[in-house]
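Every chain is numbered from 1 and lettered A, B, ... according to where its sequence line falls, protein lines coming before strand lines. Owing to the predicted nature of the structure, the values given are computational and were not obtained by experimental measurement.
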Protein chains: 2
Amino acid sequence: MNESFKALADPTRRQIIRLLREKDRTAGEIADYFQMTKPSISHHLSALKHAGLVQDERKGQFIVYSLDTTVLEEVLGWFLELTGAGKNSEAEPTAAGDPPRRKLQSDKEEL
Amino acid sequence: MNESFKALADPTRRQIIRLLREKDRTAGEIADYFQMTKPSISHHLSALKHAGLVQDERKGQFIVYSLDTTVLEEVLGWFLELTGAGKNSEAEPTAAGDPPRRKLQSDKEEL
DNA sequence: TCGATATTTAAATAATTATCTAAATATATA
DNA sequence: TATATATTTAGATAATTATTTAAATATCGA
């Protein structure tokens, strides 16, 4: 999930996602929307793929990219949980002067 | 909005948001949840504040941080639009061999 | 098989971000 | 007012990320 958030932090990559929401596109078609070189776009596509946000499939000379909404919906879930728009999840609210329940051992632990 | 996405790209900052969802907390209380130094946490809080995700208010010696869900809901909206969970928005789908409608002039344009 | 097209990978560099220690600022309290 | 506590700011460095040019790989079509 961290990879997904990191992938979404870049405006170029978010725009690529929007382009792929409309329809599947080849790497070259995607690159045509930006001022960046093709290798740069390829790098961004690689980041999106690594995050599980897009899939690619070679079709002859071309490589066609498509959106994978599965992970995107996981991230959506993170927001829904947070904004309370989804469910009323909030296990045992902490009281005013309570000590912290635990100290995180790692930045990576639990999102 | 780009600032928000960038702010959310860091796991420490996401955890801070979760902590503030439970209740308002002082900078020191927040720092106690992490292994990082206080200045580092202060830096993360500053990033969250700059993104409009949290607010701060001095209370005597302390500075109390609280969640501002407004921007968070904007970001949520971005996902809803994308996953189609919200509305059926998708103005004029492009046909298979169509040329790009326009070339983006800047990476920052439109998310 | 050869040349053209599509795309990625490699290597280098530039830019950004995270983190620390030390110092500065603000408030409270003795 | 002096001292302690809470927090931020400054300055330095390390780590990560973005970008480019050049080279490599894969496929197509003559």
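Atom OG1 of B/Thr83 is separated from atom CD of A/Glu73 by 5.5 Å, given to the nearest 0.5 angstrom. Atom CG of A/Leu19 and atom CZ of A/Phe34 lie 5.5 Å apart (nearest 0.5 Å).
For C/dT7, the OP1/OP2 oxygens have no side-chain nitrogen or oxygen of A/Ser42 closer than 4.0 Å. Put simply, B/Arg13 has a side-chain N or O that comes within less than 4.0 Å of OP1 or OP2 on C/dA18. Contact annotation: B/Tyr65 side-chain N/O to D/dT8 OP1/OP2 distance is under 4.0 Å.
Protein atom NZ of A/Lys49 is 13 Å distant from nucleotide atom C1' of C/dT9, rounded to whole Å. In this structure, A/Glu3 places its CD atom 12 Å from C1' of D/dT16, rounding to the nearest Å. A/His43 places its NE2 atom 10 Å from the C1' atom of D/dT16, with the value rounded to the nearest Å. Atom CZ of B/Arg58 is separated from atom P of D/dT5 by 16 Å (rounded to the nearest Å). Going from atom CG of A/Leu48 over to atom P of D/dA18 covers 10 Å, rounded to whole Å. For B/Ile41 and D/dT8, the CD1 to C1' distance is 13 Å, given to the nearest whole Å. Distance B/Asp56 CG to C/dT25 C1': 15 Å, rounded to the nearest Å. One interatomic measurement links the two molecules: CZ of A/Phe34 to C1' of D/dT19, which rounds to 15 Å at whole-angstrom precision.
Checking D/dT19, D/dT7, C/dT9 against every side-chain atom of B/Thr26, the shortest atom distance belongs to D/dT7. Comparing D/dT27, D/dT5, C/dT17 by their nearest atom to the side chain of B/Lys6 picks out C/dT17. Each of D/dA6, C/dT19, D/dT27 was ranked by its minimum atom distance to the side chain of B/Ser40; first place goes to C/dT19. Ranking C/dA26, D/dA18, D/dT8 by closeness to the B/Ala27 side chain, first place goes to D/dT8. For B/Phe62, the listed nucleotide lying nearest its side chain is D/dT7; candidates were C/dA22, C/dT7, D/dT7. With distances taken from any side-chain atom of A/Met36 to the nucleotides D/dT19, C/dT7, D/dT27, the minimum falls on D/dT19. Counting only heavy atoms from C-beta on, A/Lys38 has its side chain closest to C/dT7 among C/dT27, C/dT7, C/dT9.
The main-chain N or O of B/Leu8 is never found under 3.5 Å from a side-chain atom of B/Arg13 such that the two would form a donor-acceptor pair. The backbone N or O of A/Glu81 lies less than 3.5 Å from a partner atom in the side chain of B/Arg21, making a donor-acceptor pair.
Within 4.0 Å of A/His44, counting heavy atoms only, lie sugar-phosphate atoms of the nucleic acid but no base atom.
Two residues, B/Pro39 and A/Gly60, neighbour DNA chain D, and the one matched to the more 5' nucleotide by heavy-atom proximity is B/Pro39. Taking the nucleotide of DNA chain D with the nearest heavy atom to each of A/Ala47 and A/Gln61, the more 5' of the two is matched to A/Ala47.
Put simply, the residue from B/Asp10, B/Val54, B/Thr12 that forms a side chain to side chain contact (heavy atoms under 4.5 Å, CB included) with B/Leu48 is B/Val54.
The side chain to side chain donor-acceptor pair (under 3.5 Å) test applied to B/Gln55 returns B/Asp68, not counting sequence neighbours.
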